[in-house]
Amino acid sequence: MRLGRRLPRSFYARPTLVVARDLLGRVLVYDGPHGRRAARLVEVEAYLGRLDPASHAFRGPTARTTVMFGRPGVAYVYFIYGNHHCMNVVAHRPGVAGAVLLRGAEPLEGLGDDPRALAGPGRLGRAFSLTIAHTGWDLVRSPLHLRAGAPVSPRDVLRSARIGIAESVTSGKLWRFAVRGSSGVTR
DNA sequence: CGAATGATCCGA
DNA sequence: CGGATCATTCGA
């Protein structure tokens, strides 16, 4: 598969929900110490900052979350449950905060051949050896970045409530997007 | 189902 | 400074 061109800053400088949907089929690349790793994104969730009680940015900027109030196209990686590193892409219009959680992908290069190895945000983080030290990395310029890949047709996009966010179920927020039938999708 | 396991944040 | 919480995963 062709990885395509690096996504420009303008890709991320749009409403978070628009970016989330558009991220399906795009390619996460890390030219790291162990060579190139690449995977096709198949599951994401949008987190809408101060408007969204489930967002880490809901209560305003802190040492951990300040990056989500800044420049779009930057990585936000958090550590959760004492075990897992999960990666977000900062994405929003100017003046607000927002990010897209990368929840699942299909291995393309340098990631072995288990089709489920990147199914789930914690597993994706592990596969790419991500840590909170990657927070702040600029995806437009750094070895960790996103490429155009191939956008996914609307009929192949599933939309649902976010996983593990009870408030999202009761409020009917359908802010999770996934590629129908992909092995890299959770559940 | 529940345990693992630690960073983070809020309230005192 | 203590403890509640947590955008998860794995195994019984």
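Just so we're on the same page: letters track the sequence lines, and every chain starts at 1.
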- [ ] Have a look at F79(A) and say if it touches a base, only the backbone sugar-phosphate, or nothing, with a 4.0 Å heavy-atom cut-off.
- [x] sugar-phosphate
Task: Distance in angstrom units between R176(A) CZ and dA7(C) P, rounded - done: 16 Å
- [ ] Mind checking R162(A) for me? I need base, sugar-phosphate or nothing, with any heavy atom below 4.0 Å counting as a touch.
- [x] nothing
Task: Carboxylate-amine/guanidinium contact R103(A) E45(A), below 4.0 Å - done: yes
Task: Whole angstrom value for the distance that separates P of dT8(C) from OH of Y81(A) - done: 5 Å
TODO: Find the distance between CD1 (I163(A)) and CG (L101(A)) and round it off to the nearest 0.5 Å.
DONE: 10.5 Å
- [ ] Could you please name the partner base of dT5(B), counting Watson-Crick and G-U wobble pairs only when both distances are under 3.5 Å?
- [x] none
- [ ] Would you tell me if any nitrogen or oxygen in the side chain of H56(A) comes within less than 4.0 Å of OP1 or OP2 on dA7(C)?
- [x] yes
Open item on the list: On the nucleotide dC10(C), are OP1 or OP2 found under 4.0 Å from the side-chain N or O atoms that R123(A) carries?
Closed with: yes
TODO: Applying salt bridge (charged side-chain N to carboxylate O under 4.0 Å, His left out), name anything that partners R26(A), two or more places apart in sequence or on another chain.
DONE: D22(A)
Task: Rounded distance (Å) that lies between atom P of dA7(B) and atom OH of Y76(A) - done: 14 Å
TODO: Over 60° means perpendicular and under 30° means parallel, so classify the ring planes of H56(A) and Y78(A), tilted if in between.
DONE: perpendicular
Open item on the list: dT8(C), OP1 or OP2 - any side-chain N/O from R103(A) closer than 4.0 Å?
Closed with: yes
TODO: Would you mind reading off the distance between I132(A) atom CD1 and dC6(C) atom C1', rounded to a whole angstrom?
DONE: 15 Å
TODO: Grab the NE2-C1' distance between H85(A) and dA7(C) for me, whole Å please.
DONE: 15 Å
Task: Heavy-atom pair of closest approach, residues A127(A) and L118(A) - done: CB-CG, 3.8 Å
Task: Distance in angstrom units between I165(A) CD1 and dC6(C) P, rounded - done: 9 Å
Task: Value in whole Å for how far the P atom of dC9(B) lies from CZ of R59(A) - done: 10 Å
Task: Of T65(A) and G82(A), the one whose closest DNA chain B nucleotide lies more 5' - done: G82(A)
Task: Sugar-phosphate, base or nothing in reach of I80(A), heavy atoms under 4.0 Å - done: base
TODO: Report yes or no: is there a donor-acceptor pair, N or O only, under 3.5 Å between the side chain of Y78(A) and the base of dA7(C)?
DONE: yes
- [ ] Would you mind reading off the distance between D52(A) atom CG and dC6(C) atom P, rounded to a whole angstrom?
- [x] 13 Å
